[in-house]
Amino acid sequence: MDKTSVYRGKFFPLIRLFALSHTHAALFHSCSASTSKYYSLREKPSVSRKHKVVIFRDFRHVNNLNDAVCVFNQMVQTEPLPCVVEFAKLLRVMISMKHYSGVVSFFGEMRKLGIPFDEYILTIVINSFCLLGCAEHGFSVLGIFFKSGVQFNVVTFSTILRGLCEQNKIKDAMWLFNKLVTERICKMDEVMFGIVMNGLCKQGHTQTALSLLRIMEQGDTKPNTIVYSIVVDALCKDKMVGAAFNLFNEMKRKGITPNVLTYSSLVDGLCKFDQWEGVRLLLDEMMYVNVSPNVHTFSMLVDAFCKKGMVEDAVEVLTIMIGRGEHPDVVTYNSIMEGYCLRGEIDVARRILDSMIDTGVKPDIFSYNILVNGYCKQKKLDEAMHLYFEISQKGLKPDTVTYSTILQGLFEVGRVECSENFFTEMENAGISPDIYTCGIMLHGYLKNGHVEKAMSLFHRWEKQKEDTNIFIYNTGNGGFFRIQKLDKARSIFDKLYTIGLHPDAITYNITVNGLCVEGLVDEAKELLRKMEDNGCLPDNATSNLIVHGFLKSNKANEAMAVLKEIIGRGFPAVKDTVSSLIELLLLIGEGPFLLNMIPEFHLRNEK
DNA sequence: ATAGGGTTAG
């Protein structure tokens, strides 16, 4: 019988008492072995009833994996064994040092040696698996709970749920969550709800999160500030700022106080919609209820102004925040840099990078990526490359975005071979291309006329199905149309359905436009009908593309029928489309039709 | 357990 089996079964609580008295002996033992630098008396002391000896292990000197291994080896050789709590402390230190697999192997060693463990140790092990990116291994640790009779708690399951959510396995998380609820496996708390709701929101299931909030209201665990804030933020990100404000007002009515995070989410939502007056009112309210805007809040404002090209206003926000004692950080400065880059004032941006360092704010990889992009957009590829080399010199590591940005820049100026070499450099550096990189490579090849290369890349990525999204297809589709590989484009479109990817408005637009340019009226017509059936209503771009497609193909007459049809179904025309349309109608002598349509345009534009 | 910044397609 191995040592762990002693701790199994229903007698566990009794045995735990035994283990505890064991522990005191261990503490005494470690006191006598006080030659070790890892033991000290500085922490709040615990007094052993038996020996009246004051002792605590101190792990502050454990600074690397090597230290941890030494301490661990020493601990397991100590006779009698140190307390479970001591092992838990060591494992926590290892997590803070990011030695997650070390935690797992220490735990394996502990089991082999029959060292007792408790729910805290097991939860730390689960957390390590999660941080290693394999949350599903957490389930096997759950097995250890059942086998050893250790009682789990809310935190155990919250940890697994958080891990699953972070790996975007929201379905698995929901399955577990439902099981916990329906089988009453453990008591729910606000934190667990928060974790699941946050996971749902991050995966775009805001409405499900909202219904969970409603369920909470009916139950014993009432939603708190954080739970409300999670949904408020998600609604803002879904561009449903109105709904977010409804929820915000509702929580205030119910006496749940919004905090700086709640307010900041709303400020950001309003900024993205240019609702400056609303922003002003909200900031006033914050002052009134004594919730101070912090560096996040101010950075959102700074970023919003910069993205609109209003860098002067952004700088004014910067002055205000400094005046209020809120220190701008790397994110704030990065936004300012981007603001200048967007206006083409890359040299100013470059100077900000240098002045950041003077104020004690260290640039990060974002800072460099912003500047690299600035140079690329100005087609200053040599400067961009120079900056790329500077990144490593500054002790930073170029990431996927850095490489993608430069690849895009190289393609843009037609340096296809450089792009190819740089792509190889990226792979050699161990940076794997993501969906952006794929799109850039595909589009870059197509734009520069390398159809075959684009095709082979396309097929390579297509096979790695889990990485495929609609974007790659849209890029391929548009490119293949542009170079008149109609069959290819058509087959890509058809394939979307078979692999279960849903075409979006852009997919339809690209394809409709491609068909129009080719003068394939019937097919375009067919597709528009499909578009409507699939709930993808034609948007401004659709109408523009159709009109331009027709004009380009000089097949105005045949195409006019399609236009009439979509106008009849509700043409979401905007001004620039209308002018193109007028051009087309006059071209084919459809003046009377045009006159009929004018009131129609007015009606729709006013809606 | 919750908030801010960088790269893609029509």
Side-chain angles (χ1 to χ4, degrees), chain A residues 155 158 161-162 165 189-199 201-202 224-234 236-237 258-269 271 293-304 306-307 329-339 341 364-374 376-377 399-409 433-444 446-447 469-479 481-482 504-514 539-542 544-545 548-549:
Chain A
V155 183
S158 293
L161 286 169
R162 195 190 330 113
C165 289
D189 66 0
E190 295 89 342
V191 178
M192 190 183 269
F193 272 102
I195 289 169
V196 170
M197 287 164 73
N198 189 40
C201 289
K202 293 279 140 48
N224 60 9
T225 302
I226 296 180
V227 162
Y228 269 103
S229 302
I230 289 169
V231 184
V232 166
D233 182 64
C236 286
K237 296 220 161 60
N259 61 17
V260 63
L261 279 82
T262 332
Y263 278 102
S264 300
S265 293
L266 290 165
V267 166
D268 199 43
C271 281
N294 62 15
V295 58
H296 283 255
T297 330
F298 284 119
S299 297
M300 289 163 172
L301 287 169
V302 165
D303 191 60
C306 286
K307 291 236 158 61
D329 63 9
V330 61
V331 177
T332 330
Y333 284 116
N334 284 348
S335 290
I336 300 263
M337 276 174 48
E338 204 205 351
C341 284
D364 61 7
I365 191 63
F366 280 72
S367 323
Y368 283 96
N369 288 344
I370 288 164
L371 271 184
V372 165
N373 189 42
C376 285
K377 288 275 138 46
D399 65 4
T400 312
V401 179
T402 325
Y403 284 102
S404 302
T405 308
I406 294 175
L407 284 170
Q408 146 92 354
D434 67 359
I435 199 73
Y436 282 86
T437 328
C438 298
I440 287 164
M441 292 298 293
L442 204 54
H443 187 233
L446 288 168
K447 226 189 122 174
N469 79 356
I470 198 73
F471 169 71
I472 289 209
Y473 282 92
N474 286 348
T475 308
N477 204 7
F481 264 123
R482 213 171 301 129
D504 59 9
I506 293 177
T507 324
Y508 283 108
N509 289 347
I510 294 168
T511 317
V512 166
N513 180 48
D539 61 10
N540 299 338
T542 319
N544 255 331
L545 288 168
H548 286 124

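Reminder, nothing fancy here: chain letters follow the sequence lines and each chain counts from 1.
- When distances run from any side-chain atom of A:Val295 to the nucleotides B:dG4, B:dA9, B:dT7, the shortest one goes to B:dG4.
- As rounded to whole Å, 13 Å separates atom C1' of B:dA3 from atom CG of A:Leu301.
- Nearest heavy atoms, A:Met337 versus A:Leu371: CE-CG, 3.6 Å.
- At whole-Å resolution of the value, CG in A:Asp434 and C1' in B:dT7 are 8 Å apart.
- Side-chain atoms of A:Asn477 and A:Thr507 include no donor-acceptor pair closer than 3.5 Å.
- For the pair A:Asn198 (side chain) and A:Cys201 (backbone), a donor-acceptor distance under 3.5 Å is absent.
- Annotation: side chain to side chain contact (heavy atoms under 4.5 Å, CB included) contacts of A:Asn224 (sequence neighbours excluded): A:Glu190, A:Ile226, A:Val227.
- Rounding to whole angstrom units, CG of residue A:Leu266 and P of B:dG4 are separated by 13 Å.
- For A:Val401, counting side-chain heavy atoms from C-beta on, the closest listed nucleotide (B:dG4, B:dA9, B:dT7) is B:dT7.
- The nucleotide whose nearest atom lies closest to any side-chain atom of A:Thr332 is, among B:dA3, B:dT8, B:dG4, B:dG4.
- Contact annotation for A:Val267: no contact, since no heavy-atom pair falls under 4.0 Å across all strands.
- Separating the CG atom of A:Asp364 from the C1' atom of B:dG4 is a distance of 13 Å, rounded to the nearest angstrom.
- Proximity note for A:His296 (side chain, C-beta onward) versus B:dT7, B:dG4, B:dA9: the nearest is B:dG4.
- Atom-to-atom, CD1 of A:Ile435 to C1' of B:dA9 comes out at 11 Å; the value is rounded to the nearest Å.
- As judged by a 4.0 angstrom heavy-atom cut-off over every strand, A:Ile226 is placed among the base-contacting residues.
- Contacts of A:Ile510 with the nucleic acid, taken as non-hydrogen atoms under 4.0 Å apart, involve only primed sugar atoms and P, OP1 or OP2.
- Taking only side-chain atoms of A:Asn224, from C-beta outward, the nucleotide of B:dG4, B:dA3, B:dA1 with the closest atom is B:dA1.
- In this structure, A:Asn373 atom CG and B:dT7 atom P are separated by 6 Å, rounded to whole Å.
- Listed by first and then second residue, the salt bridge (Lys or Arg N to Asp or Glu O under 4.0 Å) pairs that reach into residues 258-269 of chain A are A:Asp268-A:Lys272, sequence neighbours excluded.
- Nucleic acid contact for A:Lys447: none, since no nucleic acid atom lies under 4.0 Å from a heavy atom of the residue.
- Here B:dA1 is the nucleotide among B:dA1, B:dA9, B:dT2 with the atom lying nearest to any side-chain atom of A:Val227.
- Listed candidates were B:dA1, B:dG4, B:dA3. Nearest to the side chain of A:Asp268 is B:dG4.
- Regarding A:Tyr263, its OH atom lies at a distance of 18 Å from the P atom of B:dG4, rounded to whole Å.
- Regarding contacts with the backbone of B:dT2, every side-chain N or O of A:Lys237 stays at 4.0 angstrom or more from both OP1 and OP2.
- Here the nucleotide nearest the side chain of A:Tyr436, chosen from B:dA3, B:dT7, B:dA9, is B:dT7.
- Note: A:His296 NE2 to A:Ser264 OG = 8.0 Å, rounded to the nearest 0.5 Å.
- No hydrogens or angles were tested; on distance alone, nothing pairs the side chain of A:Asn259 with the base of B:dA3 as donor and acceptor under 3.5 Å.
- Between A:Cys341 atom SG and A:Ile336 atom CD1 the span is 12.0 Å, to the nearest 0.5 Å.
- With B:dA9, B:dT7, B:dG4 as the candidates, the nucleotide lying closest to the side chain of A:Thr405 is B:dT7.
- Checking B:dT8, B:dT2, B:dA3 against every side-chain atom of A:Met300, the shortest atom distance belongs to B:dA3.
- Among the protein residues, A:Glu190 comes within range of the nucleic acid bases, having at least one heavy atom under 4.0 Å from a base atom.
- Phosphate proximity of B:dT8 to A:Lys377: present, with a side-chain N or O under 4.0 Å from OP1 or OP2.
- For B:dG4, its base sits under 3.5 Å from the side chain of A:Asp329 at one donor and acceptor pair at least.
- Between the CG atom of A:Leu446 and the P atom of B:dT8 there is a distance of 17 Å, rounded to whole Å.
- With hydrogens and angles ignored, no donor-acceptor pair closer than 3.5 Å exists between the side chain of A:Asp189 and the base of B:dA1.
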